[in-house]
Amino acid sequence: MGYDFQRIEKKWQEYWSNNQTFKVAIDHNKPKFYVLDMFPYPSGSGLHVGHPLGYIASDIYARFKRHKGYNVLHPMGYDAYGLPAEQYAIQTGTHPEITTEKNILRYREQLDKIGFSFDWSREVRTSDPKYYKWTQWTFIQLVNSWYNKSTDKAEDVSSLIGHFEKSGNAGIIAAGEETEPFTAEDWKAYSEKEQQEILMKYRLAYLSNTMVNWCPELGTVLANDEVKEGLSERGGHPVEKKMMKQWSLRITAYGQRLLEGLDNIDWPESLKEMQKNWIGRSEGASVIFNVDKEHVNNENVGIEVFTTRPDTIFGATFMVLAPEHELVDRITSSERRKSVDEYKSWVKNRSERERMTEVKNITGEFTGAYAINPLTNDRIPVWIADYVLSGYGTGAIMAVPGHDSRDFAFANHFNLPVIQVVVKDGDKPSDPGTWDDSYDSKEGIMINSGFINGLSVHDAIRTTIAKIEELGIGEGTVNYRLRDAIFSRQRYWGEPFPVYYKDGMPYMLDEDKLPLELPKVESYLPTSEGNPPLANAKNWATEEGYPLETNTMPGFAGSSGYYLRYMDPNNEVEYFSKEANNYWKDVDLYIGGDEHAAGHLIYSRFWNKFLFDLGLVCEEEPFKKLINQGKIQGRSNFVYRIQGSNKFVSYNLRKEYETQPLHVDIDMVNNDVLDIETFRNWRAEFKDAEFVLEDGKYICGHEVEKMSKSKHNVQNPDALIDKYGADTLRLYEMFLGPLEQDKPWDTNGIEGVFRFLRKLWRLYFDDNDNIIINDEKASDKELKSLHKAIKKVTSDIERFSFNTGVSAFMICVNELADLKCHKKEILEPLVVLLSPYAPHIAEEIWQTLGNDKGISYVEYPVHNEKYLVENTFEYPVSFNGKMRFKISLPVNMSKQDIEEAAINAEEAKKWTEDKTVRKVIVVPNRIINIVVG
RNA sequence: GCUCGAGUGGUGGAAUUGGUAGACACGUUGGACUUAAAAUCCAAUGGCCAUCGCGGCCGUGCGGGUUCAAGUCCCGCCUCGAGUACCA
């Protein structure tokens, strides 16, 4: 019969399901271990081979930890809200819920076939009201919180109101917009609406008029991480800047903590780096430059700038404001007004994409105003230009053309003066008029700079900050690139906000009204007035008739805290119980793609830190260790059609003809050899195709490309499972290469793994599938082989090197085959080693060996060093007539080798005299290496 | 431009701390078994030279360096990939 994977895999998948083998509960007698996968969006095309890569890795680890005695939480669910289902609904009228349900069933079926050890009783779906109730609930908590910078944590707004009632806003240091000072009396005198407007400036989820990324094509706003190079990440549609009233999350309050937290978690450096860049902390100073009073009716107008190079302030020869800067209108002189207004409207009508592609074009206008450089007292002109962004820093800069390349280019273009204030160590000052570019480096000595002359740049920065603080014209500050996350989407298929409006002000629903369920609508399109689809819903209002919010939450809302819900997924009164959180704590191992670096993985950390501040979760960081599995690219196959004919030429002969390559479906190609019959039947036009063969075969060309339907290179796991079985797929995906590396999918090697499993089967089962096993005592050689494998396979799993782990296992089986070993003593631990990788066949062998319990929780074998070092010779090698060394020699080393080694040792001794010998390495037939130190 | 990562046989990739480079697998070639094929098994497989055999030389993107010893460490380049970008 042989290795009947179909029977075996079906049998054990049913067994695990019927016995709820992987269902876990809190168990204080066992240490916990939480292994998490990034849950998938259930798209219509089902799983492809890239999906399971990370899932297989995490499953191996989860199974390994179970063998090691851990109580393993290994859940799975669905990130069920998303645009494709909504767009499908717009086209067909099918409710996204129906599409999503259908896709989930398909995903589940595919996942089950691979034999994952998920605890499905804990499944969550972000679109399930029982789940999104807690997404809405968390939103309410965010709205009801503010960030107290003095205690450096989020607090309930009641503490803020208490303070306002007692002492106004004096002494409050909060994350958020600046608010005008007010007293306790002022506060009490404000109307409720005025009070709410003030509070809104403090809340961690807040409604405001803000510049958003608007994507007209998608009809929705997008968060910064959903925009790549001025185009929407999804679909690649142009994105424009637009002022809109939107909900935002004040994630900037957590900028510093999000940065510092990276030091305490075990994540790939590259990913930490991406988050650091995204947060973009830069240290510098803010300085106020006063505008020359002549131009502003003798009023005091100060322009605040942010600079990371306060040392170069003596070189500031002009200023530049962003065109949108609020002071522009006030300071523009009447002669310049027309030009300035024209420039502003030109900037405004330019799309974000145009702006980005035309960065090389230098544009700007002089406002007619002058400012006073506070350290030199020089009058310097104030310009506006779109190279200064309103969204970063203060939206205004002091321009130092000598030491900033953008300022330099601007000064050259508009003929503004350039002063050198930093000179490179060892160089002499030179005439900036002769320069090709500015000197931007922070290495050098200050010149032309008054009290900081002669200092290094580094010292000058410190000294200048001290000086401007002393003069009261500025202070040392830290600036972040991180922006608050826009939280509204003009879509249907997302979580409704638990918000209603009264007098135009938003109010939260009572918590006992949650979940606020997504209503049915007739059309999934925006209304004709441009309102979101929810505006189509009938009776979309509270019982009292107040209108409900018509926006929905973005995709990252539901995924930000899903790992917490898995801890206690069926709790109806809480997000999760304190007990569950105290036991499961945090995710010990998180596996997923790095495309979430600036999105989900930052939002989740923010979400978790917020709940930590509220005392709801016990760990500040949600994901202790994270691994990025590489992306699997497609491997396309090509046939070469001779121009103007229906004749195809094999790959290596194609140069002899004028050919045109055509994608062929990879399912009709095996090891790059085309199945000609299938190809002829593929399409009518190929029915009578002729072929020029090489060695009787048609060889296809190949190329690594993105997996896509149009390239006919999408590999879905089902076909492979049908052909080879899940265990082969699992082993092969791991065998493909290092987990973290991107790699093309290539089935050319899958036969090798399949061959191996069949060999394993044949080794222990006869033709009638009776196991060939005996109770004889294992020999030293057999034990050595086994223990070598235990050591290697174990350490490889522990360091996530699954490909080498598979190899080590194969080596052991091959050695045992050579030894004709059929001993139970060897096979039992060996099968446990195999179990995480290929659980179905491992279970089958385990059961055949007479165990009735199932292998999943069997203790993992531990290697014994004693079996590994077999031949240890104590070979005396004396250095300086004193030292003796014990040298461990490989088993296969002959007497002659040892003699030779010894001779070399005597020679080596000559140069080791007077040195301390630390380690001796014997290499057969070669040399003795002696490590001195 | 900046930041990070990677370059090893025909291919995917091993080499955990500097210590026999190329494990393991694919592919290829030859052989066994078979009427034949599939399956399976055995042998060879980095390059060059030598050859009955023993063996020798060169080899981890390029150029230097440190070391008894470098794929691994240091300096300078080249190429590819990823992220990010008038961020002051």
Side-chain angles (χ1 to χ4, degrees), chain A residues 2 228-229 268-278 280-282 284-286 305-310 312 316 319-320 322 355-356 358-362 385-389 391-400 403-407 409-410 440 479-483 594-595 597-598 628 630-631 635 671-672 702 731-732 735-738 740-753 755-756 758-759 762 792 795-796 798-799 801 803-811 814 817 890 907-908 910-912 915 919-932:
Chain A
K228 300 267 140 91
E229 291 170 10
E269 273 315 309
S270 61
L271 205 140
K272 287 190 185 184
E273 202 60 38
M274 275 191 240
Q275 291 212 343
K276 277 181 198 165
N277 291 338
W278 190 256
R281 180 194 154 99
S282 54
S286 65
V305 302
F306 173 75
T307 176
T308 55
R309 294 294 301 277
T312 60
M319 292 185 76
V320 186
R355 196 188 62 77
M356 288 173 107
E358 292 166 15
V359 289
K360 291 263 155 21
N361 300 346
I362 296 164
D386 72 344
Y387 83 91
V388 173
L389 306 176
Y392 184 77
T394 58
I397 60 157
M398 63 174 204
V400 184
H403 305 284
D404 182 287
S405 53
R406 296 153 304 177
D407 298 344
F410 194 82
D440 295 5
N479 208 349
Y480 296 90
R481 200 188 78 111
L482 185 69
R483 296 277 80 104
D594 65 357
E595 65 274 18
N628 294 128
K631 278 186 265 303
R635 185 179 189 279
N671 286 342
D672 290 337
H702 62 87
L731 280 171
Y732 186 60
F735 199 69
L736 216 48
E740 305 194 56
Q741 191 174 300
D742 287 352
K743 54 216 152 198
W745 177 255
D746 178 353
T747 50
N748 286 348
I750 199 166
E751 297 279 349
V753 175
R755 211 173 281 167
F756 168 76
R758 272 191 317 210
K759 178 177 178 173
R762 221 172 335 98
K792 179 84 175 130
S795 72
D796 282 346
E798 279 166 350
R799 67 192 179 100
S801 177
N803 53 336
T804 54
V806 176
S807 296
F809 188 86
M810 288 183 175
I811 293 168
N814 285 331
E907 282 170 15
K910 283 174 194 143
W911 58 263
T912 61
K915 288 171 188 159
K919 194 164 100 187
V920 180
I921 296 148
V922 181
V923 178
N925 292 328
R926 291 285 170 91
I927 208 171
I928 290 200
N929 290 311
I930 293 133
V931 180
V932 297

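Here is the naming used below: chain letters follow the sequence lines, and residue numbers restart at 1 for every chain.
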S.K.: Does D440(A) form a salt bridge (Lys or Arg N to Asp or Glu O under 4.0 Å) with R309(A)? I'd like the steps, not just the answer.
M.R.: CA-CA 10 Å; D440(A) 295 5; R309(A) 294 294 301 277; over 6 Å; no

S.K.: Mark yes or no for whether Q275(A), through its side chain, and A598(A), through its backbone, hold a donor-acceptor pair below 3.5 Å.
M.R.: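 No, the answer is negative, given that no donor and acceptor are paired below the 3.5 Å cut-off.
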
S.K.: Just wondering, do M398(A) and T307(A) contact through their side chains at under 4.5 Å, heavy atoms?
M.R.: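 Yes - at least one pair of side-chain heavy atoms lies under 4.5 Å apart.
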
S.K.: Mind checking who rU28(B) pairs with, Watson-Crick or G-U wobble, both distances under 3.5 Å?
M.R.: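 Partner of rU28(B): rA44(B).
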
S.K.: I need the CG-P distance between L271(A) and rG5(B), as an integer number of Å.
M.R.: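 Checked: the CG to P distance equals 13 Å.
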
S.K.: For rC62(B), which nucleotide in any strand shown is its Watson-Crick or wobble partner with both distances under 3.5 Å?
M.R.: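 rC62(B) is paired with rG76(B).
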
S.K.: What is the nucleic acid contact for K792(A), judged by heavy atoms within less than 4.0 Å: base, sugar-phosphate only, or nothing?
M.R.: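 It contacts base atoms.
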
S.K.: Is rU35(B) paired to anything, Watson-Crick or G-U wobble with both distances less than 3.5 Å, and if yes, which nucleotide?
M.R.: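 WC or wobble partner does not exist here.
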
S.K.: Can you tell me the Watson-Crick or wobble partner of rG9(B), both distances under 3.5 angstrom?
M.R.: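 Check on rG9(B): unpaired, no WC or wobble geometry under 3.5 Å.
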
S.K.: Is the side chain of R755(A) donor-acceptor paired with the backbone N or O of I750(A) at a distance under 3.5 Å, no angle test?
M.R.: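 Checking the backbone N and O of I750(A) against the side chain of R755(A), no donor-acceptor pair under 3.5 Å is found.
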
S.K.: Where the side chain of R481(A) is concerned, which of rU84(B), rA88(B), rA25(B) is the nearest nucleotide?
M.R.: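 The nucleotide sitting nearest to the side chain is rU84(B).
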
S.K.: At 4.0 Å (heavy atoms only), tell me whether V388(A) reaches a base, stays on the sugar-phosphate, or touches nothing.
M.R.: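 Base contact.
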
S.K.: I'd like to know if the side chain of D594(A) reaches the main chain of A597(A), judged simply by a donor and an acceptor atom lying under 3.5 Å from each other, with no hydrogens or angles considered.
M.R.: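 Answer holds: no.
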
S.K.: Anti or syn, where syn is a glycosidic angle within 90° of 0; which label fits rG9(B)?
M.R.: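 Syn, angle within 90° of zero.
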
S.K.: To the nearest Å, how far apart are N814(A) CG and rC24(B) C1'?
M.R.: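 Whole-Å distance recorded here is 9 Å.
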
S.K.: Between P on rG83(B) and CE on M274(A), what's the gap in Å once rounded to a whole number?
M.R.: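 Result: 7 Å.
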
S.K.: Does rG53(B) have a Watson-Crick or wobble partner in any strand here, with both distances under 3.5 angstrom, and which is it?
M.R.: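 Partner of rG53(B): none found under 3.5 Å.
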
S.K.: Could you tell me how far rU72(B) sits from rU17(B) if I compare only their C1' atoms? Round to whole Å.
M.R.: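 Approximately 11 Å lies between the C1' atom of rU17(B) and that of rU72(B).
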
S.K.: Select from N479(A) and T804(A) the residue whose nearest nucleotide in RNA chain B is closer to the 5' end of that strand.
M.R.: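 Upstream on the strand: T804(A).
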
S.K.: Check every atom of rU3(B), rU84(B), rC24(B) against the side chain of E273(A) and return the nucleotide holding the closest atom.
M.R.: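 The nucleotide sitting nearest to the side chain is rU3(B).
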
S.K.: If you measure from the P atom in rG64(B) to the same atom in rG56(B), how many Å do you get, rounded?
M.R.: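 It comes out at 26 Å once rounded to the nearest Å.
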
S.K.: For nucleotides 37-42 of chain B, list the nitrogen or oxygen atoms of the protein found under 3.5 Å from its nitrogen or oxygen atoms, one pair per line.
M.R.:
unit_1	atom_1	unit_2	atom_2	d
rU40(B)	OP1	R758(A)	NH2	2.8

S.K.: Between N803(A) (side chain) and F735(A) (backbone), is there a donor-acceptor pair under 3.5 Å?
M.R.: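 Side chain of N803(A) to backbone of F735(A), a donor-acceptor pair under 3.5 Å: no, none is there.
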
S.K.: How are the rings of Y392(A) and F306(A) set relative to one another: parallel (under 30°), tilted (30 to 60°) or perpendicular (over 60°)?
M.R.: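 Judged by the thresholds at 30° and 60°, the geometry between Y392(A) and F306(A) is perpendicular.
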
S.K.: Are Y480(A) and W278(A) near enough that their ring centres are under 6.0 Å apart?
M.R.: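 No.
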
S.K.: Please report the distance, rounded to the nearest Å, between CG in L731(A) and C1' in rC26(B).
M.R.: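 To the nearest whole Å, that distance equals 15 Å.
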
S.K.: Would you indicate what I397(A) reaches in the nucleic acid, counting non-hydrogen atoms under 4.0 angstrom: base, sugar-phosphate, or nothing?
M.R.: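 Base: the residue I397(A), judged by heavy atoms under 4.0 Å, touches a nucleobase.
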
S.K.: Between rG18(B) and rU60(B), how far apart are the two C1' atoms, rounded to whole Å?
M.R.: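 Looking at atom C1' only, rG18(B) and rU60(B) are 15 Å apart.
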
S.K.: Would you kindly give the NZ-to-P distance between K276(A) and rA85(B), to the nearest whole Å?
M.R.: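 K276(A) atom NZ is separated from rA85(B) atom P by 18 Å.
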
S.K.: Provide the distance between the two P atoms, one in rA70(B) and one in rC57(B), to the nearest whole Å.
M.R.: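 rA70(B) and rC57(B) have their P atoms separated by 15 Å.
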
S.K.: Spell out, as yes or no, whether a donor-acceptor pair under 3.5 Å connects the side chain of D742(A) to the backbone of K631(A).
M.R.: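 Answer holds: yes.
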
S.K.: When you compare rG47(B) with rU8(B), how far apart are their C1' atoms, in angstrom units rounded to a whole number?
M.R.: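 About 14 Å, rounded to a whole number of Å.
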
S.K.: Rounded to whole angstrom, note down the P distance from rC80(B) over to rU28(B).
M.R.: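 The answer is 32 Å between these two P atoms.
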
S.K.: May I ask you to test the W745(A)-L736(A) pair for a side-chain heavy-atom distance under 4.5 Å?
M.R.: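 Touching, per the 4.5 Å side-chain cut-off.
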
S.K.: Rounded to the Å, how far apart are Y387(A) OH and rC86(B) P?
M.R.: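 Taking OH of Y387(A) and P of rC86(B), I get 14 Å after rounding.
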
S.K.: Going by the rule salt bridge (Lys or Arg N to Asp or Glu O under 4.0 Å), which residues pair with R281(A) if we only count those two or more places apart in sequence or in a different chain?
M.R.: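 Result, salt bridge (Lys or Arg N to Asp or Glu O under 4.0 Å) vs R281(A): E283(A).
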
S.K.: Could you tell me how far rA21(B) sits from rG55(B) if I compare only their P atoms? Round to whole Å.
M.R.: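 The answer is 16 Å between these two P atoms.
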
S.K.: For V400(A), is there any backbone N or O sitting under 3.5 Å from a side-chain donor or acceptor partner on D407(A)?
M.R.: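 Here the side-chain-to-backbone pair exists.
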
S.K.: Let me know the distance between CG of D440(A) and C1' of rA88(B), rounded to the nearest Å.
M.R.: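 After rounding, the gap between these two atoms is 11 Å.
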
S.K.: Counting primed atoms plus P, OP1 and OP2 as sugar-phosphate and everything else as base, spell out the protein contacts along nucleotides 8-13 of chain B at 4.0 Å heavy-atom distance: B, S or - for each nucleotide, 5' to 3'.
M.R.: ----BS

S.K.: So which nucleotide from rC4(B), rC24(B), rU16(B) ends up closest to the side chain of S807(A)?
M.R.: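 For the S807(A) side chain, the nearest candidate turns out to be rC24(B).
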
S.K.: Find the distance F809(A):CZ to rA25(B):C1' and express it as a whole number of Å.
M.R.: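 Taking atom C1' of rA25(B) as the reference, CZ of F809(A) is at 16 Å.
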
S.K.: Applying the Watson-Crick and G-U wobble criteria at under 3.5 Å, what pairs with rG1(B)? Answer none if nothing qualifies.
M.R.: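 Check on rG1(B): paired to rU84(B), both distances under 3.5 Å.
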
S.K.: Given that both distances must come in under 3.5 Å, which nucleotide forms a Watson-Crick or G-U wobble pair with rG19(B)?
M.R.: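 rG19(B) is paired with rC68(B).
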
S.K.: Considering only atom P, compute the distance from rG9(B) to rG61(B) and round it to an integer number of Å.
M.R.: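 So the two P atoms sit 8 Å from each other.
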
